[in-house]
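Encoded as structure tokens, the structure appears first; notes follow it.
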Amino acid sequence: MSEEVAQTTVQSRPPGDQDDAAVRRSDFRLLWTGETVSALGTGISGVAISLIAVSTLQASTFMVGLVRAATWLPWLLIGLPAGVWIDRLSRRRTMLTCDVVALLLLLSVPVAAAAGVLGIAQVVAVALGVGASSVFFTAAYQAYLPTLVPKEGLSAANAKLQSSNQVAGVAGPGAGGLISQSIGAAGGMLADAASFAVSALCLMRIRTPEVRPTGERPRRNLRAEIAEGVHFVVRDPYLRVLTVAGAVDNLTWTSSMTLYVVYLVRDLHVAPGLVGVLTAADSLGGILGALLVTRVACRFGTAHGMLLAALGTAPFTLLIPMAGPGPRLCLFALGLMVAGAGMAVCNVLSSGFRQAYVPQYILGRVFASTRVLQFGIIPVAAVLGGTLGTVLGVRHSLWLTLVVGVLAKSLRLLGPIRTQRDLPTSLPSPAAVH
């Protein structure tokens with residue numbers, strides 16, 4: 001829903017409702033601002049941490065994969081219990097705590113670098129700690145958004161968030177490469193720490209009260225509540241297909257992404273500053289996808305639009321291993337950009353679907369359950385990418401992982417998604433939640 005439409009609708013409401021709607025719009029903008037700045041910092045540190053490993057610490061291809069794996073490993077270790085705690089605790093307070101923890105961890109890298117004691121073990125430990133805070137923050141964030149945005153506005157809100165995050169993603173890697181080239185890669189970690197401070201300040205200014213969700217059930221033991229979230233995902237035909245498809249996407253895409261910096265620096269002899277610019281093509285495509293998602297959904301429907309975005313853009317990733325020095329670097333950027341557009345459309349549509357479809361009282365656990373598989377596979381994929389790069393060579397490994405990734409997009413054709421124009425916005429019957 002556009003801001004202009006929202007304002008027109010509010011005029012017909014009683015004054016109290018108008019005030020509440022204005023506060024919610026203002027609070028969403030605060031959340032939006034904080035997340036955009038945080039995404040900018042994450043884009044900077046994403047390039048910086050790889051360059052620290054590759055250039056500063058002279059890490060092997062396998063160790064580069066291990067650093068990336070450490071960021072995502074916490075999803076496997078604590079993802080399911082984190083979903084239970086998100087449904088039990090204040091989601092805003094949880095996000096604030098995570099921001100502070102991540103800030104302190106990231107600050108330790110430039111401090112250690114300045115003292116001359118920075119090592120690969122600390123880089124891995126920081127990646128692991130920031131990843132753990134991200135588990136709680138991401139689950140809380142997805143579950144918290146419906147507090148600030150009505151159900152009918154979730155798709156538009158997710159599109160705005162996706163669009164601005166992708167804009168930050170374009171600027172972040174480029175800035176990360178330039179910062180690393182000018183003042184050292186550890187400086188990029190300092191920029192990311194500052195972004196978490198901005199995110200925390202924005203969250204502190206939100207005024208909308210966080211009301212406990214309706215339909216909430218009495219607390220039980222941790223295992224029973226985890227099982228409830230997992231069973232919800234396993235039994236639901238939409239969530240089941242999207243979860244498995246997303247996990248396979250992350251397996252193949254992360255395996256290839258782990259090799260990109262090594263591929264550009266060691267195979268194509270690209271300067272650090274240009275590495276950030278080229279990898280930012282992924283986010284540039286994400287901006288395009290976020291801008292087009294509303295048109296795609298209106299023209300083809302949310303279900304068929306998702307299928308079109310996934311199946312139609314994936315083959316362009318095969319341009320990446322065709323890249324070479326000079327003008328052929330454009331093939332790398334084009335492959336990333338088109339695939340990024342398709343992913344953005346899929347992410348916006350699936351996020352809006354999940355937030356509208358899943359009851360609030362279990363949303364944190366459902367989100368965590370899906371992400372344990374989807375994000376938990378990422379450390380495995382990162383190590384796999386590093387191992388394949390070591391054994392087969394970087395370019396051959398890219399061909400293998402990207403071809404498998406294109407074929408795996410067809411998993412979305414399983415289940416009811418292909419038979420419906422639009423994804424549902426509510427459960428078919430109350431029995432489905434039990």
Side-chain angles (χ1 to χ4, degrees), residues 1-3 5-6 9 21 24-25 27-29 31-32 35-36 39 83 86 91 138-167 208 213 232-233 236-243 245-246 249 286-310 313 340-371 374-375 412 415-418 420-428 432:
M1 181 186 297
S2 68
E3 189 171 328
V5 173
T9 304
R24 285 167 60 136
R25 284 199 303 274
D27 286 346
F28 170 72
R29 283 193 288 269
L31 182 68
W32 188 8
E35 289 314 293
T36 301
I86 293 305
R91 290 158 182 174
T138 305
Y141 165 72
Q142 288 286 328
Y144 183 62
L145 186 60
T147 299
L148 306 181
V149 180
K151 180 181 288 191
E152 64 272 14
L154 285 172
S155 290
N158 278 299
K160 290 178 179 179
L161 287 162
Q162 182 79 14
S163 179
S164 61
N165 283 348
Q166 296 296 340
V167 170
T208 302
F232 191 103
V233 174
D236 187 89
Y238 296 95
L239 293 171
R240 184 170 61 243
V241 169
L242 291 177
T243 300
D249 285 347
I287 297 170
L288 179 62
L291 293 175
L292 292 176
V293 65
T294 301
R295 293 184 181 181
V296 170
C298 291
R299 175 67 177 84
F300 301 101
T302 54
H304 287 169
M306 180 185 296
L307 293 177
L308 177 64
T313 62
M343 288 182 182
V345 172
C346 290
N347 288 340
V348 170
L349 294 178
S350 62
S351 294
F353 158 69
R354 188 187 303 109
Q355 290 161 347
Y357 181 75
V358 179
Q360 268 288 304
Y361 79 90
I362 200 174
L363 183 54
R365 279 166 287 167
V366 167
F367 179 81
S369 297
T370 60
R371 288 305 195 249
Q374 292 179 335
F375 288 175
R412 288 172 173 80
I417 297 176
R418 73 181 190 280
Q420 300 188 21
R421 184 180 188 276
D422 290 292
L423 295 165
T425 57
S426 61
L427 288 170

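The shown structure was predicted, so the numbers you read here are calculated from the model rather than taken from an experiment.
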Quiz item: Going through the checks in order, is the salt bridge (Lys or Arg N to Asp or Glu O under 4.0 Å) test met by R354 and D236?
Solution: CA-CA 11 Å; R354 188 187 303 109; D236 187 89; over 6 Å; no

Self-check item: Under the salt bridge (Lys or Arg N to Asp or Glu O under 4.0 Å) test, residues paired with R371 that sit two or more places apart
Solution: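 With neighbours one apart ignored, the set is empty.
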
Over all heavy atoms of both residues, which pair between [X] and [Y] is shortest? Give the atoms and the distance, please.
X    : Y    : answer
G301 : D422 : CA-OD1, 3.3 Å
L423 : M306 : CD1-CE, 3.6 Å
G415 : V241 : CA-CG2, 4.2 Å
T208 : T147 : CG2-O, 3.9 Å
A309 : T313 : O-OG1, 2.6 Å
R418 : L307 : CA-CD1, 3.7 Å

Self-check item: Partner residues of Y238 under the side-chain hydrogen bond (donor to acceptor under 3.5 Å, both in side chains) criterion, sequence neighbours left out
Solution: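 So Y238 forms a side-chain hydrogen bond (donor to acceptor under 3.5 Å, both in side chains) with Q420.
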
Quiz item: Sequence neighbours excluded, which residues qualify as side-chain hydrogen bond (donor to acceptor under 3.5 Å, both in side chains) partners of Q355?
Solution: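 In terms of side-chain hydrogen bond (donor to acceptor under 3.5 Å, both in side chains), with neighbours along the sequence ignored, Q355 is linked to Q142, N158.
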
Self-check item: A368: side chain to side chain contact (heavy atoms under 4.5 Å, CB included) partners, not counting sequence neighbours
Solution: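 In terms of side chain to side chain contact (heavy atoms under 4.5 Å, CB included), with neighbours along the sequence ignored, A368 is linked to no residue.
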
So how far is it from [X] [atom1] to [Y] [atom2], rounded to the nearest 0.5 Å?
X    : Y    : atom1 : atom2 : result
R365 : I86  : CZ    : CD1   : 11.5 Å
S350 : Q374 : OG    : CD    : 7.5 Å
L239 : S369 : CG    : OG    : 10.0 Å
C346 : F353 : SG    : CZ    : 13.5 Å

Quiz item: Is the closest side-chain heavy-atom distance between L145 and L31 below 4.5 Å?
Solution: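 A side-chain contact under 4.5 Å exists here.
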
Quiz item: Please walk me through it: do L242 and I417 pass side chain to side chain contact (heavy atoms under 4.5 Å, CB included)?
Solution: CA-CA 9 Å; L242 291 177; I417 297 176; 3.6 Å; yes

Quiz item: Which residues pass the ring-ring contact (aromatic ring centres under 6.0 Å, His included) test with F375, sequence neighbours left out?
Solution: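 Checked F375 against ring-ring contact (aromatic ring centres under 6.0 Å, His included); matches are W72, W75.
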
Contacts table for residues 290-300: side-chain donor-acceptor under 3.5 angstrom, sequence neighbours left out:
none

